[in-house]
Amino acid sequence: MAPVEQDALAVREQLFHERVREYIICALLFASLYILCHFIITHFKKHTDFTAVHDDEDAAVNRIALGLCTFTLAVALGAVLLLPFSIISNEVLLSFPQNYYIQWLNGSLIHGLWNLVFLFSNMSLVFLMPFAYFFTESEGFAGSKKVGDPALVPLCPLLCDCLLTQLLQGIMARVYETSVVLLLLTLLVLGMVWVASAIVGNDAASRQSLYVLWEYYLPYLYSCISLFGVLLLLLCTPFGLSTMFTVTGKLLVKPRLLEDLDEQLSCTRFEEAAVSHRI
């Protein structure tokens with residue numbers, strides 16, 4: 001093999017190992033965030049939501065919704081921690097540029113994390129959160145088979161396969177109903193965005209076709225959702241800060257360093273004199 005081919009093969013092998021290392025690091029980080037978010041949700045959720053469910057189908061639906069909510073919270077936590085992680089990794093690389101054990105904190109890893117967070121955040125915002133809500137509220141289309149009594153399984157083991165099949169059919173019926181509701185909701189939102197852009201826009205092309213759906217309307221819809229989030233943040237931040245300062249003021253003891261002791265003594269003498277005069 002020629003030296004040029006060996007060098008090209010070595011470069012390709014190095015790129016392959018770097019890509020595998022980035023995938024492993026991303027998977028470990030997301031797995032850690034997912035486990036942490038699972039403990040957070042299971043700590044704050046009501047115990048009657050997911051544990052005290054006697055129907056196997058409802059219990060399975062609740063577990064799926066719990067997984068989707070945990071995934072969404074993990075993505076949100078990753079989006080919050082991504083900027084500090086980028087800053088800290090950059091400072092570490094600048095402080096120890098020749099250290100071999102921290103060279104995995106490179107720009108390619110940070111760029112890949114930003115792309116994954118952007119992709120998963122959009123997927124969670126547009127698909128996963130609405131799907132989890134409508135999935136828990138769905139009951140399946142009319143005529144779908146429901147799961148029988150699970151207490152009969154120990155009495156007749158032959159019913160286990162039948163009940164499992166009915167469970168899958170009931171879950172798939174709910175999945176179909178949720179997908180239809182999401183499709184109708186998507187068409188409604190896209191229609192409202194198209195009507196709003198047609199009213200605001202001055203060109204005739206915006207009123208005639210949806211040919212530029214991917215290039216114009218979807219970014220416009222994303223901008224509208226981002227604007228709604230910013231307005232919600234501006235509305236909730238003052239209330240949150242006021243509540244935080246109120247709770248902090250109740251828990252902390254006010255310092256008495258700036259109080260005038262002479263003034264307090266004078267007030268005490270006046271009160272004593274007033275009480276003595278009344279007596």
Side-chain angles (χ1 to χ4, degrees), residues 23 25-85 112-141 144 146-147 150 167-189 218 221-222 224-237 239-240 243-244:
Y23 288 159
I25 292 173
C26 293
L28 291 177
L29 290 176
F30 182 76
S32 303
L33 290 176
Y34 187 88
I35 294 173
L36 177 62
C37 294
H38 179 75
F39 285 121
I40 292 174
I41 292 179
T42 53
H43 177 72
F44 287 102
K45 72 178 179 62
K46 296 180 180 179
H47 294 286
T48 57
D49 289 343
F50 297 99
T51 57
V53 179
H54 301 287
D55 192 359
D56 290 340
E57 182 180 336
D58 293 335
V61 169
N62 289 331
R63 284 193 293 268
I64 294 173
L66 178 62
L68 294 177
C69 294
T70 305
F71 181 85
T72 304
L73 182 60
V75 172
L77 187 60
V80 171
L81 297 178
L82 187 57
L83 183 59
F85 179 77
L113 288 175
W114 277 100
N115 291 332
L116 290 176
V117 167
F118 181 77
L119 174 63
F120 289 149
S121 61
N122 291 331
M123 185 174 65
S124 301
L125 178 64
V126 177
F127 179 73
L128 293 183
M129 288 193 296
F131 184 85
Y133 174 74
F134 290 119
F135 190 57
T136 54
E137 295 295 329
S138 64
E139 296 181 356
F141 290 112
S144 59
K146 301 297 182 181
V147 180
L167 175 63
L168 294 177
Q169 289 178 355
I171 293 176
M172 291 306 299
R174 293 194 178 192
V175 170
Y176 294 151
E177 181 183 355
T178 306
S179 302
V180 172
V181 172
L182 281 180
L183 179 60
L184 296 177
L185 180 62
T186 303
L187 294 177
L188 178 62
V189 173
L218 290 181
L221 178 61
Y222 184 77
C224 292
I225 297 175
S226 301
L227 178 61
F228 177 75
V230 170
L231 293 178
L232 186 62
L233 179 64
L234 293 177
L235 180 63
C236 296
T237 300
F239 293 102
T243 305
M244 182 178 65

Notebook entry, point to check: Quick one: OG1 on Thr178 to CG on Leu183, what's the gap to the nearest 0.5 Å?
Noted result: 12.5 Å
Notebook entry, point to check: Excluding sequence neighbours, so at least two apart, what forms side-chain contact (heavy atoms from CB on, under 4.5 Å) with Thr243?
Noted result: Val247
Notebook entry, point to check: Out of curiosity, Leu113 CG to Leu29 CG, how far, rounded to the nearest 0.5 Å?
Noted result: 6.5 Å
Checklist line | side-chain contact (heavy atoms from CB on, under 4.5 Å) against Tyr133, all qualifying residues, sequence neighbours excluded | finding: Glu137
Next item on the list: Step by step, work out the side-chain contact (heavy atoms from CB on, under 4.5 Å) result for Cys26 and Leu116.
Entry: CA-CA 9 Å; Cys26 293; Leu116 290 176; 3.9 Å; yes
Next item on the list: Apply ring-ring contact (aromatic ring centres under 6.0 Å, His included) to Phe131 and list each qualifying residue two or more places apart in sequence or on a separate chain.
Entry: Phe127, Phe135
Checklist line | Heavy-atom side-chain contact between Leu188 and Leu184 under 4.5 Å | finding: no
Note to self: Rounded at 0.5 Å granularity, tell me how far OG in Ser121 sits from CG in Leu119.
What the structure shows: 7.5 Å
Cut-off 3.5 Å, no hydrogens considered: what does the side-chain donor-acceptor table look like for residues 64-82, sequence neighbours left out?
from  : atom 1 : to    : atom 2 : distance (Å)
Thr70 : OG1    : Leu66 : O      : 2.7
Thr72 : OG1    : Leu68 : O      : 2.9

Check: What is the distance from atom OG of Ser138 to atom CZ of Arg174, rounded to the nearest 0.5 Å?
Finding: 5.0 Å
Notebook entry, point to check: Rounded to the nearest 0.5 Å, how far apart are CG of Leu185 and CZ of Phe134?
Noted result: 5.0 Å
Notebook entry, point to check: Taking atom OG of Ser32 and atom CG of Leu28, what is their separation to the nearest 0.5 Å?
Noted result: 6.5 Å
Checklist line | Results of side-chain contact (heavy atoms from CB on, under 4.5 Å) for Met172 - residues two or more places apart only | finding: Tyr176
